[in-house]
Amino acid sequence: YLWNLTKNALALRAVKKWDILLTVLLTLLVGSFCTFLVNLLIDFYPQAVPESLEITNRLIRQADSAVLLSFLFGVCIFAPVVEEIIFRGVMWWALESIISTRVAFWLTTILFAIAHFDILHVVAVFPLGVLFGFLRWKTGSIWLPLLAHVLNNSLASMTLVLDYF
């Protein structure tokens with residue numbers, strides 16, 4: 001019983017190979033759009049860049065290997081897993097059990113964006129939240145949103161890290 005409850009709450013369902021390819025392609029497209037969007041916003045509103053982003057950039061430039069690997073693990077693996085379990089797993093499941101799937105989709109998408117705090121991230125993350133929610137809705141599984149989230153964060157992090165080497 002406990003395994004079935006966990007499996008349902010976390011939406012641990014198998015996905016099709018074709019959907020994995022579609023997920024990768026959509027993530028590249030939406031992630032590129034979000035990068036373009038955040039860079040555009042920074043150009044127009046440089047005062048909106050949060051201090052935490054400046055601190056993160058400075059730390060990455062000065063980081064030794066252990067700190068850099070910790071950063072990459074946290075941003076590329078840990079954060080996506082935790083966020084997807086919360087938003088497209090447990091929260092989606094709880095909302096869907098009391099309201100419609102459509103409302104669960106939009107509420108989890110909006111809350112996911114808001115959870116990224118500063119306005120630049122909220123605006124940039126919203127389209128990704130829509131993609132992650134779409135993947136969850138389409139497949140009934142958390143695996144594809146998780147894959148998309150890990151892929152997006154990994155590409156963004158690697159781009160950021162490679163800029164300093």
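Computation of the quantities below employed the complete heavy-atom set of this structure, encompassing side-chain atoms and omitting hydrogens, waters and symmetry-equivalent molecules.
Residue F134 holds its CZ atom at 14.5 Å from CG of L128, rounded to the nearest 0.5 Å. The OG1 atom of T108 sits 9.0 Å away from the CD atom of E84 when rounded to the nearest 0.5 Å. Once rounded to the nearest 0.5 Å, the distance linking CD of E83 with CG of L111 reads 12.5 Å. Between the OG1 atom in T109 and the CD1 atom in I114 there is a gap of 11.0 Å [rounded to 0.5 Å]. To the nearest 0.5 Å, atoms CG (L147) and CD1 (I142) are separated by 12.0 Å.
Residues L29 and V24 are members of separate hydrophobic clusters, defined by side-chain heavy-atom contacts under 4.5 angstrom among Ile, Leu, Val, Met, Phe, Trp and Tyr. F117 and F78 fall into different hydrophobic clusters, where Ile, Leu, Val, Met, Phe, Trp and Tyr residues are linked whenever their side-chain heavy atoms come under 4.5 Å apart, directly or through other members. Residues L69 and F71 fall into different hydrophobic clusters, defined by Ile, Leu, Val, Met, Phe, Trp and Tyr side chains chained together at heavy-atom separations under 4.5 Å. Follow the hydrophobic side-chain contacts under 4.5 Å out from L25 and you never reach V150; the two are in separate clusters.
Looking at heavy atoms from C-beta onward, I99 lies in side-chain contact with L107 at the 4.5 angstrom threshold. Using a 4.5 Å heavy-atom cutoff, the side chains of F105 and L95 are not in contact. You'll find the side chain of V81 reaches within 4.5 Å of the side chain of L146, heavy atoms only. Between L28 and L155, some side-chain heavy-atom pair lies under the 4.5 Å cut-off. Between R88 and F112 the shortest side-chain heavy-atom distance falls below 4.5 Å.
Residue pairs meeting the side-chain hydrogen bond (donor to acceptor under 3.5 Å, both in side chains) criterion with at least one partner in residues 121-141, sequence neighbours excluded, are D19-K138, D118-H121.
Heavy atoms only, all atoms of each residue included: C76 and P80 are closest at O-CG, 3.4 Å. Smallest separation of non-hydrogen atoms from V75 and S157: CG1-OG, 3.2 Å. Contact record, V49 with L120: CA-CD1, 3.7 Å, taken as the closest heavy-atom pair. The minimum heavy-atom distance linking V122 with A113 is given by the pair CG2-O, 3.2 Å.
Screening T27, V125, V30 for a side chain to side chain contact (heavy atoms under 4.5 Å, CB included) with N152, the sole residue that qualifies is T27.
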Decide yes or no on ring pair (Phe, Tyr, Trp, His ring centres under 6.0 Å) for F87 and H149, but give the supporting numbers first.
CA-CA 12 Å; F87 292 100; H149 201 153; 9.0 Å; no
side-chain contact (heavy atoms from CB on, under 4.5 Å) for L135 and W143? Distances and angles first, verdict last.
CA-CA 9 Å; L135 294 169; W143 293 118; over 6 Å; no
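Ring geometry for F33 versus F36: interplanar angle of 30 to 60°, hence tilted.
A side-chain donor-acceptor contact under 3.5 Å links N39 to the backbone of T35.
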